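Naming convention: chains lettered A, B, ... in sequence-line order (proteins, then strands); numbering from 1 in each chain. Quantities reported herein were computed from a predicted structural model and do not represent experimental measurements.
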Amino acid sequence: MDEFKVLQVKKSVFADNDRRAEALRQTLKKHRVFLLNLMSSPGAGKTTLLSRTIETLGNQLKIGVMEADIDSDVDARTIESFGAKVIQLHTGGMCHLDADMTRQGLEALGTDDLELAILENVGNLVCPAEFDTGAVKNAMILSVPEGDDKPLKYPLMFSVCDLVLINLFDVLPYFDFDMKKCVTNIRLRNPKAKIIPVCARTGEGIDLWCDWLCSEISAWRGQ
Amino acid sequence: MHELGILNALVHIIEGIVRDENLTEVEKIVIEVGELSGVVPRYIEECYPAAVYKTFMEKTALELIVVPGIVKCRGCGLVFNAAANDLHCPGCSGQDLEILGGNDMIVSEIVCR
């Protein structure tokens with residue numbers, strides 16, 4: 001029998017996923033489907049924000065949503081009631097989606113008639129940040145009750161996002177949330193991230209978020 | 001749970017290497033875990049048996065090497081160990097840091113035949 005040998009590999013554990021994510025981005029580009037990966041803690045307002053987004057942009061853009069959760073289909077039902085094409089993905093205990101799961105989700109959703117696909121990732125500030133899903137842009141929601149120190153506690157999440165939405169800014173008076181400090185903390189982790197305060201519940205700031213989304217889509221199409 | 005997902009990705013990576021290199025047996029893998037990777041070495045060790053259960057790696061040993069998280073302060077330029085200093089510059093207390101190393105998880109070596 002052969003002797004054991006030592007293979008020097010020096011390969012990132014995330015390398016395969018990164019390769020799949022890049023391939024998915026290329027495929028989506030060819031089909032002109034803009035994929036946005038939306039992340040946040042559980043309960044920060046992803047589904048409410050998406051409902052508002054569909055209300056605002058549903059007439060201009062053909063939107064599809066993938067709802068990723070460990071279990072249940074309550075979010076998918078909510079989104080469906082707003083008239084968007086939707087699919088519920090169950091991760092079966094996994095705390096994030098990787099590029100291959102995203103590809104399978106998009107296939108099941110059907111992207112032929114879509115211009116914008118949004119992945120509502122599993123509510124979690126740790127794991128989704130580590131796996132590139134193949135999205136063109138990453139956005140996250142930080143809600144006021146979570147505190148202004150979240151960017152310090154979950155640095156990776158804030159460093160991979162192109163946009164940070166600060167949700168529920170209407171409840172600012174009731175919480176020890178320092179908006180200035182929060183922006184400074186986000187900037188420490190990500191000097192380039194765009195920051196937009198919104199209130200998904202009342203609709204304040206939704207126009208700014210939709211403007212950002214539309215300008216990112218047209219810039220990407222023009223590339 | 002987060003570590004289990006990462007370990008599944010690891011098993012796929014090793015699978016690819018076994019295929020590409022025509023290996024018959026993987027006795028041990030050596031993994032480098034950066035202190036700033038967000039991966040907890042102890043959880044990796046605990047999840048490992050579950051991740052390799054009923055795979056070709058069931059008998060493969062795991063060796064973990066923790067790689068220090070080294071950062072450079074953008075304020076004063078000091079280079080230091082981030083974890084040992086709680087992500088604060090020991091020179092100027094700054095928190096605007098550039099990561100120089102220790103933010104990845106890498107398959108370093110595999111002992112195989």
Pair A:Lys10 + B:Glu32, salt bridge at N-O below 4.0 Å:
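Judged by the 4.0 Å cut-off on N to carboxylate O distance, A:Lys10 and B:Glu32 do form a salt bridge.
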Counting only non-hydrogen atoms closer than 4.5 Å, does B:Asp96 touch chain A with its backbone (N, CA, C, O), its side chain (CB onward), both, or neither?
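Looking at B:Asp96, backbone and side chain both touch chain A.
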Side chain, backbone, both or neither: which part of B:Thr24 has a heavy atom under 4.5 Å from chain A?
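For B:Thr24, there is no contact with chain A at all, as no heavy atom is under 4.5 Å.
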Residues of residues 132-169 of chain A near chain B, each having a heavy atom less than 4.5 Å away:
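Hits under 4.5 Å: A:Leu152.
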Distance in Å, A:Asp16 CG paired with B:Glu15 CD, rounded so as to fall on 0.5 Å steps:
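With rounding to 0.5 Å, CG (A:Asp16) is 9.5 Å from CD (B:Glu15).
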Please round to the nearest 0.5 Å and tell me the distance separating atom CD of B:Glu3 and atom SG of A:Cys127.
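Spacing of CD (B:Glu3) from SG (A:Cys127) equals 7.5 Å.
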Pick from A:Arg187, A:Lys5, A:Gln8 with the largest number of heavy-atom pairs that fall under 4.5 Å of chain B
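Most heavy-atom pairs within the cutoff with chain B belong to A:Lys5.
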Of the listed residues (B:Leu23, B:Asn103, B:Leu97, B:Ile13), which shares the most heavy-atom pairs with chain A below a 4.5 Å separation?
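Among the listed options, the one with the most contacts to chain A is B:Ile13.
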Heavy-atom distances under 4.5 Å only: say whether A:Ala15 touches chain B with side chain, backbone, both or neither.
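Both parts, backbone and side chain.
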So which part of A:Asn17 gets closer than 4.5 Å to some heavy atom of chain B, the side chain, the backbone, both or neither?
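Neither part, no heavy atoms under 4.5 Å.
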Does [atom1] belonging to [X] count more than 12 external heavy atoms closer than 6.0 Å?
X       : atom1 : result
B:Arg74 : CZ    : yes
B:Lys28 : NZ    : no
A:Lys85 : NZ    : yes
B:Tyr43 : OH    : no
B:Asp20 : CG    : yes

4.5 Å side-chain heavy-atom contact, [X] and [Y]:
X        : Y       : value
A:Arg189 : B:Gln95 : yes
B:Ile106 : A:Lys11 : no
B:Glu25  : A:Phe4  : yes
B:Ile17  : A:Val9  : yes

Audit row: B:Cys112, A:Leu7, side-chain contact (heavy atoms from CB on, under 4.5 Å) steps and yes/no:
CA-CA 7 Å; B:Cys112 54; A:Leu7 271 189; 3.9 Å; yes
If you take all heavy atoms of A:Glu130 and B:Val39, which pair is closest and at what distance?
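Where A:Glu130 meets B:Val39 most closely, the heavy atoms are OE2-CG2, 4.3 Å.
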Heavy-atom closest contact (B:Ala9 atom, A:Phe131 atom, distance)
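That would be CB-CE2, 4.4 Å.
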